[in-house]
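Contents: one structure, followed by commentary.
Only a predicted model underlies this, so the values are computations on that prediction, with no experimental measurement involved.
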Protein chains: 2
Amino acid sequence: MPRPPSVTEDRLIDEATAIITRDGLRELTVGTLADALGVKAPSLYNHVSGIDDVRLQVGTATVTRLGDALTDAAMGRSGEDALYAICHAYRLFAQRNRELYPLTVASPAGRDDTFDRHAWRALRPLYAVLAACGFEEADAVHTARLIRSSLHGFVSMELAGAFGLPESVDESFDQMVGWVLSLLDA
Amino acid sequence: MPRPPSVTEDRLIDEATAIITRDGLRELTVGTLADALGVKAPSLYNHVSGIDDVRLQVGTATVTRLGDALTDAAMGRSGEDALYAICHAYRLFAQRNRELYPLTVASPAGRDDTFDRHAWRALRPLYAVLAACGFEEADAVHTARLIRSSLHGFVSMELAGAFGLPESVDESFDQMVGWVLSLLDA
DNA sequence: TCCTTAAACTAAGCTTATTAGTCATAACAT
DNA sequence: ATGTTATGACTAATAAGCTTAGTTTAAGGA
């Protein structure tokens with residue numbers, strides 16, 4: 001029927017991810033992305049609804065990778081051991097994807113079902129640990145929110161350069177993780 | 001010597017703040033700000049170096065107001081009582097300034113001395129509580145980072161709509177504050 | 001071969017940020 | 001009073017970004 005597209009969804013997300021990683025979030029534009037794909041800017045509108053859509057799709061792909069990283073970290077461990085690994089994997093992912101990480105927090109401009117589904121899925125290892133430690137439904141939710149808040153707050157402030165004092169940031173993180181682990185005893 | 005400016009720094013920041021609060025961060029542009037000030041767009045460059053500079057200055061003003069709110073909350077209280085008030089004042093400020101709050105986290109695009117000074121000043125009530133509770137130098141820094149991480153992480157995720165489940169967000173916050181307060185006993 | 005269909009293209013609009021260069025004016029020194 | 005001058009406001013213009021409209025092209029099926 002139609003001619004084969006030179007732009008596939010995978011290639012689009014890959015190139016957009018590469019631009020953000022290499023040059024920063026602000027350098028992802030319709031123009032730079034079209035160039036990277038070897039196509040003129042308006043042609044992108046055959047594949048996405050706009051630049052916000054591209055960012056959303058990159059965010060979805062990134063939060064999926066984050067979930068994979070957390071799952072890998074928790075694999076084969078349990079309890080405090082697993083939670084410790086999850087915390088450190090979370091921070092490591094943010095550090096290695098400093099420009100992409102902000103896209104994982106939430107879908108800007110209102111709900112997006114696909115993003116939300118993938119974001120929820122990324123939290124499975126965390127909920128698995130809590131469930132295995134005997135946390136009931138609602139309590140698991142509150143505790144997971146606390147842990148996510150601490151982790152996201154820490155890494156986003158760290159990436160933003162909000163920790164200005166000379167004290168070791170690694171040590172601060174270790175101390176915070178220790179505190180998070182103690183939640184499992186309660 | 002020169003003629004009196006129709007655009008003062010105060011008015012500029014006030015109007016920019018009003019636009020962000022009323023219409024959202026994305027609506028703050030050189031054009032909308034110039035209109036609000038009754039001036040043509042290029043005239044703004046006699047007062048600021050660009051739109052990023054405007055955002056930075058609004059952020060500085062906002063983080064100062066945040067510090068005032070925290071100071072007011074802690075006034076006349078001490079220990080757990082003061083920290084409880086600080087936590088709730090922090091969240092309330094973010095909720096009442098949802099569009100402005102992201103500007104308080106850090107100066108984008110590298111250090112800005114003025115912003116950093118005001119941001120540091122905003123943390124004084126927190127450090128005061130910790131000092132009064134006997135926290136030593138480095139330990140106070142690590143603990144303050146933990147508390148800031150939890151608070152910032154929670155409110156930024158809440159504002160971003162990252163807590164999708166039906167469980168009460170207020171209850172999650174209360175539980176988190178309870179844990180934060182328990183830090184003072186350690 | 002010809003038609004359908006989707007994806008590419010060109011052209012063009014509008015918005016935003018910014019720079020260059022000009023003009024107006026109010027405060028100050030004389 | 002008057003002229004100087006610094007400053008801020010203006011017009012004009014450019015470049016970049018996002019998007020829409022409308023046209024062309026090419027591959028696969030009839």
Side-chain angles (χ1 to χ4, degrees), chain A residues 1-60 99-100 102-103 107-110 112 115, chain B residues 1-60 99-100 102-103 107-110 112 115:
Chain A
M1 313 152 174
R3 94 211 236 178
S6 67
V7 173
T8 65
E9 188 172 322
D10 282 354
R11 232 164 65 76
L12 189 148
I13 294 176
D14 286 350
E15 293 292 350
T17 300
I19 290 169
I20 295 172
T21 300
R22 177 169 16 92
D23 305 323
L25 195 44
R26 294 181 77 152
E27 290 306 308
L28 177 71
T29 70
V30 176
T32 59
L33 180 55
D35 279 352
L37 291 166
V39 122
K40 301 295 180 183
S43 302
L44 289 187
Y45 290 81
N46 290 316
H47 305 279
V48 295
S49 67
I51 193 64
D52 288 341
D53 186 22
V54 176
R55 282 194 273 258
L56 178 61
Q57 291 199 45
V58 173
T60 303
E99 294 290 339
L100 292 166
L103 298 175
S107 43
D112 176 83
F115 176 90
Chain B
M1 304 161 176
R3 95 208 235 177
S6 68
V7 172
T8 65
E9 188 173 321
D10 281 355
R11 232 165 66 75
L12 188 147
I13 293 176
D14 285 351
E15 293 292 349
T17 300
I19 291 168
I20 295 173
T21 299
R22 177 168 16 91
D23 305 323
L25 196 43
R26 294 180 82 155
E27 290 305 309
L28 177 70
T29 69
V30 176
T32 58
L33 179 55
D35 279 353
L37 291 166
V39 120
K40 302 295 179 183
S43 302
L44 289 187
Y45 289 81
N46 290 316
H47 305 279
V48 295
S49 68
I51 192 65
D52 288 341
D53 186 23
V54 176
R55 280 193 275 258
L56 177 61
Q57 291 199 47
V58 173
T60 303
E99 294 290 340
L100 293 166
L103 298 175
S107 43
D112 177 82
F115 177 90

Leu33(A) CG - dA8(C) C1' separation (whole Å):
15 Å
Tell me, with the steps shown, if Glu27(A) and Arg22(A) meet side-chain contact (heavy atoms from CB on, under 4.5 Å).
CA-CA 9 Å; Glu27(A) 290 306 308; Arg22(A) 177 169 16 92; over 6 Å; no
Counting heavy atoms from C-beta on, name the nucleotide in dA8(C), dA17(C), dT19(D) closest to the side chain of Ala41(A).
dT19(D)
Verify the contact: side-chain N or O of His47(A) to OP1 or OP2 of dA8(C), cut-off strictly under 4.0 Å; return yes or no.
yes
Report the distance from atom CG of Asp35(A) to atom P of dC18(D), rounded to the nearest whole Å.
12 Å
Identify the two heavy atoms, one from Phe115(A) and one from Leu103(A), that lie closest to each other, and give their separation to 0.1 Å.
CE1-O, 3.6 Å
Between dC10(D), dT19(C), dC9(C), which one does the side chain of Lys40(B) approach most closely?
dC10(D)
In this structure, how many angstroms lie between the P atom of dG22(D) and the OH atom of Tyr45(A), rounded?
17 Å
Quick one: closest heavy-atom pair of Val7(B) and His47(B), and the distance?
O-CE1, 3.2 Å
Within residues 6-23 of chain A, those residues having any heavy atom closer than 4.0 Å to DNA chain C are Ser6(A), Val7(A)
Polar side-chain contact Asn46(A)-dA8(C) base: donor and acceptor under 3.5 Å
yes
From the options dA8(C), dC18(D), dA17(C), select the nucleotide whose nearest atom is closest to the side chain of Ile51(A).
dC18(D)
Using 0.5 Å steps for rounding, measure from the OG1 atom of Thr32(A) to the CD1 atom of Ile19(A).
4.0 Å
Between dT16(C) atom C1' and Glu27(B) atom CD, what is the distance in whole Å?
12 Å
CG of Leu44(A) versus P of dT20(D): gap in Å, rounded?
13 Å
One should read off an interatomic distance between Glu99(B) CD and Asp23(B) CG, to the nearest 0.5 angstrom, of 9.0 Å
How far does OG1 of Thr60(A) sit from CG of Leu56(A), to the nearest 0.5 angstrom?
4.5 Å
Nucleotide of dA9(D), dT19(C), dC18(D) approaching Pro42(B) most closely (side-chain heavy atoms):
dT19(C)
Carboxylate-amine/guanidinium contact Asp14(A) Arg11(A), below 4.0 Å
no
Using a heavy-atom cut-off of under 4.0 Å over every strand shown, decide if Ser43(B) touches base, sugar-phosphate, or nothing.
base
What bend angle does the helix from dT1(C)-dA30(D) to dT30(C)-dA1(D) show across its length, from five-pair end axes and to the nearest 10 degrees?
10°
Under 3.5 Å donor-acceptor, Ser43(A) side chain and Val39(A) backbone:
no
How long is the gap from CD1 on Ile20(A) to CZ on Arg26(A), to the nearest 0.5 Å?
13.5 Å
